> 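Let me give you the structure first, and then I'll get to my questions.
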Amino acid sequence: MKEWWIHVGLICIPLVAVYLHIPAPQLSPALQKWHSAGEVFHFRGRKVFYRDSYGALGSSDVIILLHGFPTSSYDWNKIWEPLTQRFHRVIALDFLGFGFSDKPRPHRYSIFEQASVVEALVAHLGLSNQRVNVMSHDYGDTVALELLYRSDQNRTGHLTFNSLCLSNGGLFPETHHPRLLQTLLKDSGFLALILTRLTNYMIFQRGIGDVFGPYTQPTDAEFWDMWTGLRFNDGNLVMDSILQYINQRLQHRERWVGALTSTFIPLHMIYGPLDPVNPHPQFIRRYQQLVQRSTFTILDEHISHYPQLEDPTGFLNAYFNFIHSF
């Protein structure tokens, strides 16, 4: 009996320690450099991190990059410099609840609010009357569709799109397959509050690794940078709230898919076909069926859910071919 209680204690002590709190990891030199190069602006009393790099001389073109879940603007780091050689300004932000931005809790995170954050940033940067190119990934795809809806409806403060390039986002609920942990976090109520505290680096690494191809896995340092960005400002504790975006996609499917299928702006999809979240060929067939005005690029068969990180050269080639086509 005594030994039984000892075993229980040995199990419970680290679990309680994890549940109570473990300090966030220190920023790596690479992540610190990214952070130091950025700035913040305030949106409804919250700090939002962004980067704004001036690049190509003789060009007035602007590109805005919208990242995915659960990572951050650092997802664009491998293609940042090449983009600055093509565009006058390259801009990326961390959405509320992500990366180096504030992560309020309790808070009702929504795609609508994130779209308003992007519009506020564009106004803050003096670009309200500028035609902008938007590149998005995953969660950012849905934010882009809300921005597109507002633009097509000529809403006050809307972005003026020059083009939109999407990548591996769950645009269609009927072809979207969220991971088990995502489903548990978004739908489990009180259990989700426990899971967000018990999710550790090993669980995170395995979950993220599952959506990369077998030959394009992040390095240990890259996994750690993703985890550090998530843990910054206790971001792990708001994942359940942010994940309501999956339910929002279903609830507002007509609005967002309707915007995608009816717009006349230049559209392109860059797709990693090994994606377990938006599997091939179901996803791309649905996209072709519904978004007939769009062009698309299917990358090599071993590229998965993070094409801009797994195949930055192929991703950039596909994008530059698109941007030079109109």
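This one's a predicted model, so the numbers in the text were calculated from it and none came from an experiment. Scope of the values below: all heavy atoms of this structure, side chains included, with no hydrogens, waters or symmetry mates.
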> Name all residues meeting the ring pair (Phe, Tyr, Trp, His ring centres under 6.0 Å) criterion together with H305; count only those two or more places apart in sequence or in a different chain, and write none if there are none.
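With sequence neighbours excluded, H305 shows a ring pair (Phe, Tyr, Trp, His ring centres under 6.0 Å) to H137, given in chain and number order.
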> Determine all donor-acceptor pairs shorter than 3.5 Å in which one atom belongs to a side chain in residues 34-46; sequence neighbours excluded.
from : atom 1 : to  : atom 2 : distance (Å)
W34  : NE1    : S73 : OG     : 3.1
S36  : OG     : Q32 : O      : 2.9
S36  : OG     : Q32 : NE2    : 3.1

> Applying side chain to side chain donor-acceptor pair (under 3.5 Å), can you list everything that pairs with R255, at least two apart in sequence or on another chain?
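R255 satisfies side chain to side chain donor-acceptor pair (under 3.5 Å) with E146 only.
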> Would you mind reporting whether L230 and M239 have side-chain heavy atoms less than 4.5 Å apart?
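Heavy-atom side-chain distance check passes, below 4.5 Å.
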> Can you see whether R249 engages T142 through a side-chain donor-acceptor pair at a distance of less than 3.5 angstrom?
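A pair is found: one side chain offers a donor N or O, the other an acceptor, under 3.5 Å apart.
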> Are more than 12 heavy atoms from other residues, nucleotides or ligands located less than 6.0 Å from atom CD of Q153?
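Result for CD/Q153: enclosed.
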> If the condition is ring pair (Phe, Tyr, Trp, His ring centres under 6.0 Å), which residues does F112 pass it with, not counting sequence neighbours?
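Counting only residues at least two positions away or on another chain, F112 forms a ring pair (Phe, Tyr, Trp, His ring centres under 6.0 Å) with H252, W256.
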> Once rounded to the nearest 0.5 Å, what's the spacing between atom CZ of F212 and atom OG of S304?
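Interatomic distance, F212 CZ to S304 OG, rounded to 0.5 Å: 8.0 Å.
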> Is any side-chain heavy atom of E119 less than 4.5 Å from a side-chain heavy atom of H158?
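Yes - at least one pair of side-chain heavy atoms lies under 4.5 Å apart.
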> By salt bridge (Lys or Arg N to Asp or Glu O under 4.0 Å), which residues pair with E113, not counting sequence neighbours?
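Residues passing salt bridge (Lys or Arg N to Asp or Glu O under 4.0 Å) with E113: none at all.
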> Is atom CZ of R206 surrounded by more than 12 heavy atoms (other residues, nucleotides or ligands) closer than 6.0 Å?
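Not buried by this count: 12 neighbours or fewer within 6.0 Å.
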> Quick one about N236 and T196 (side-chain donor to acceptor, distance below 3.5 Å, no hydrogens or angles considered), yes or no?
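Their side chains do not contain a donor-acceptor pair, so the 3.5 Å distance test is not met.
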> How would you list, by chain and number, every residue that makes a ring pair (Phe, Tyr, Trp, His ring centres under 6.0 Å) with H177, sequence neighbours excluded?
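Scan of H177 (ring pair (Phe, Tyr, Trp, His ring centres under 6.0 Å), adjacent residues dropped) gives none.
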> How would you list, by chain and number, every residue that makes a side chain to side chain donor-acceptor pair (under 3.5 Å) with N278, sequence neighbours excluded?
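So N278 forms a side chain to side chain donor-acceptor pair (under 3.5 Å) with D275.
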> Begin with the C-alpha distance, continue with both residues' side-chain angles, and end with the deciding distance and a verdict on salt bridge (charged side-chain N to carboxylate O under 4.0 Å, His left out) for R89 and D52.
CA-CA 7 Å; R89 291 175 79 171; D52 179 13; 2.5 Å; yes
> Do Y306 and T71 have side-chain N/O donor and acceptor atoms under 3.5 Å apart?
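Their side chains do contain a donor-acceptor pair, which is all the 3.5 Å distance test asks for.
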> Residues in side chain to side chain donor-acceptor pair (under 3.5 Å) with T297, at least two apart?
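With neighbours one apart ignored, the set is H268.
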> Can you confirm whether R285 is buried at CZ, in the sense that more than 12 heavy atoms of other residues, nucleotides or ligands lie under 6.0 Å from that atom?
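Atom CZ in R285 is not packed in, count stays at 12 or less.
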> Answer yes if the ring centres of F232 and F100 are under 6.0 angstrom apart, and no otherwise.
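Under 6.0 Å, so yes.
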> Verify whether one side chain among D225 and S28 offers a donor that lies under 3.5 Å from an acceptor in the other.
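Side-chain D/A pair, D225 to S28: present.
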> Testing the 3.5 Å rule here: is there a donor-acceptor pair between the side chains of W80 and S53?
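There is such a pair between these side chains.
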> Can you name the residues that form a ring pair (Phe, Tyr, Trp, His ring centres under 6.0 Å) with F283, not counting sequence neighbours?
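Only F172, Y271 meet the ring pair (Phe, Tyr, Trp, His ring centres under 6.0 Å) criterion with F283.
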> So with a 6.0 Å cut-off around CD of E301, is the heavy-atom count from everything else above 12?
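Counting other residues, nucleotides and ligands, CD of E301 stays at 12 neighbours or fewer.
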> May I ask you to decide if the ring planes of F98 and F95 are parallel, tilted or perpendicular, using 30° and 60° as cut-offs?
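The arrangement is perpendicular - the two ring planes meet at more than 60°.
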> Could you list the residues that satisfy side chain to side chain contact (heavy atoms under 4.5 Å, CB included) with E81, not counting sequence neighbours?
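Per chain and number, E81 pairs via side chain to side chain contact (heavy atoms under 4.5 Å, CB included) with T84.
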> According to a hydrophobic-cluster definition based on side-chain heavy atoms being under 4.5 Å apart (Ile, Leu, Val, Met, Phe, Trp, Tyr only), do L125 and W76 belong together?
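No, because L125 and W76 fall into different hydrophobic clusters, even though each may have its own neighbours under 4.5 Å.
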> Report the relative orientation of the aromatic rings in Y139 and F69; use parallel for angles under 30°, tilted for 30 to 60°, perpendicular for over 60°.
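Tilted: the ring planes of Y139 and F69 meet at 30° to 60°.
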> Who pairs with R253 by salt bridge (Lys or Arg N to Asp or Glu O under 4.0 Å), at least two apart in sequence or on another chain?
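Once residues adjacent in sequence are excluded, the partners of R253 under the salt bridge (Lys or Arg N to Asp or Glu O under 4.0 Å) criterion are E174.
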> Over 60° means perpendicular and under 30° means parallel, so tell me whether Y54 and H88 are parallel, tilted or perpendicular.
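It falls in the perpendicular class, over 60°.
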> When you check the gap from the basic side-chain N to the acidic O, do K103 and D234 get nearer than 4.0 Å?
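Not counted as a salt bridge, because no side-chain N and carboxylate O are separated by less than 4.0 Å.
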> Taking atom types as modelled, find out whether R293 and S262 have a side-chain donor-acceptor pair closer than 3.5 angstrom.
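Note: R293 and S262 side chains miss the donor-acceptor criterion.
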> List the atom pairs, donor and acceptor, that lie under 3.5 Å between side-chain atoms in residues 58-66 and the rest of the protein, sequence neighbours left out.
from : atom 1 : to  : atom 2 : distance (Å)
S59  : OG     : D61 : N      : 3.1
D61  : OD2    : R86 : NH1    : 2.9
D61  : OD2    : R86 : NH2    : 3.3

> Working to the nearest 0.5 Å, report the span between CD of Q308 and CG of L316.
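Nearest 0.5 Å value for the CD-CG distance: 10.0 Å.
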